[in-house]
Amino acid sequence: MTTTLLHLAVDLVAAVILAYGIYARRHHRGDLACAYLALNVGVCVSVAVLLSVSTASALGLGLFGVLSIIRLRSDSISQQEVAYYFVALVLGLVNGLPSADWRIVAVFNVLLLAVMYVADHPSRTRGPRRRTVVLDTVYPDEQTMLMELRARLGGTVVRHSVSEVDYVREVTVVDVRFRPDAAAVVHGAPAGHR
């Protein structure tokens, strides 16, 4: 059990560095960082539990079949919701193995719940927000487009990526990460979205 907990601790540190120390800082996507952390810890816990029981091979194969559909093939749910789905599934798996040592199951339950509590804590939502913005024109230069995004979103654009330019409909679709101005935050919504 001590070796398993040591491996979990090393994995957790590495996953936090990957999700929040590298990915979230570069891409400003706290929602995906939460999902990455939940997925990593969930898989690590699942493998650790499956290796501790004798009938693990068939169960493990079935588990990874179930986990492969966790995205639910839908964009209508957020990345945080995907993380909660995954952790709920892993909790069910871990707690449903009657031959697993109850002490390690209890530790894994606490670990999974703690990871989700910290990874999806409301204090983490203070970072940049994300919007997909459809602009009603095609911009000849990037600076003009950035000025328009700033005006519409009421904040500073941190990162943007043009995902579509349609010259027929004269539309530009942009995936934007931005920090709302103080006035927009006080009123509860970014300027231009009231």
Side-chain angles (χ1 to χ4, degrees), residues 1-132 158-159 161 175-179:
M1 183 171 166
T2 306
T3 305
T4 302
L5 293 177
L6 181 61
H7 281 265
L8 274 172
V10 170
D11 176 68
L12 184 59
V13 169
V16 167
I17 291 170
L18 175 71
Y20 291 99
I22 300 172
Y23 180 81
R25 287 179 183 220
R26 289 185 181 169
H27 298 280
H28 307 286
R29 293 281 312 263
D31 58 336
L32 277 176
C34 173
Y36 292 152
L37 187 60
L39 181 69
N40 173 274
V41 174
V43 168
C44 189
V45 164
S46 298
V47 169
V49 168
L50 289 174
L51 290 176
S52 73
V53 296
S54 57
T55 58
S57 58
L59 191 58
L61 202 55
L63 166 72
F64 286 103
V66 170
L67 298 182
S68 68
I69 64 168
I70 194 66
R71 184 60 179 103
L72 303 177
R73 303 291 181 242
S74 170
D75 290 333
S76 62
I77 63 172
S78 71
Q79 296 299 330
Q80 285 97 336
E81 289 167 330
V82 170
Y84 279 101
Y85 272 113
F86 184 77
V87 168
L89 189 124
V90 171
L91 283 169
L93 167 82
V94 167
N95 291 302
L97 290 172
S99 58
D101 182 1
W102 68 268
R103 292 168 298 187
I104 200 158
V105 168
V107 168
F108 289 162
N109 276 282
V110 170
L111 176 66
L112 286 164
L113 295 173
V115 163
M116 287 309 295
Y117 180 80
V118 172
D120 193 37
H121 195 275
S123 66
R124 297 204 166 275
T125 61
R126 294 186 190 131
R129 297 181 183 176
R130 178 181 183 232
R131 297 281 188 277
T132 299
V158 176
R159 183 181 175 97
S161 173
D175 182 38
V176 185
R177 277 32 157 229
F178 70 101
R179 292 188 193 283

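Since the model is a prediction, treat every value here as computed from it, not as a measurement.
In this structure, the separation between CD1 on Ile22 and CD1 on Ile17 is 7.5 Å, given to the nearest 0.5 Å. One finds the CG atom of Asp175 at 11.5 Å from the CZ atom of Arg131 (value rounded to the nearest 0.5 Å).
Two residues are said to be in side-chain contact when any heavy atoms from C-beta on lie closer than 4.5 Å; Val118 and Val16 fail this criterion. Side-chain contact check for Leu12 versus Leu111: some heavy-atom pair is nearer than 4.5 Å.
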Begin with the C-alpha distance, continue with both residues' side-chain angles, and end with the deciding distance and a verdict on side-chain contact (heavy atoms from CB on, under 4.5 Å) for Val176 and Val158.
CA-CA 8 Å; Val176 185; Val158 176; over 6 Å; no
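Counting all heavy atoms, side chain and backbone alike, Tyr36 lies closest to Ala19 at CB-CB, 4.4 Å.
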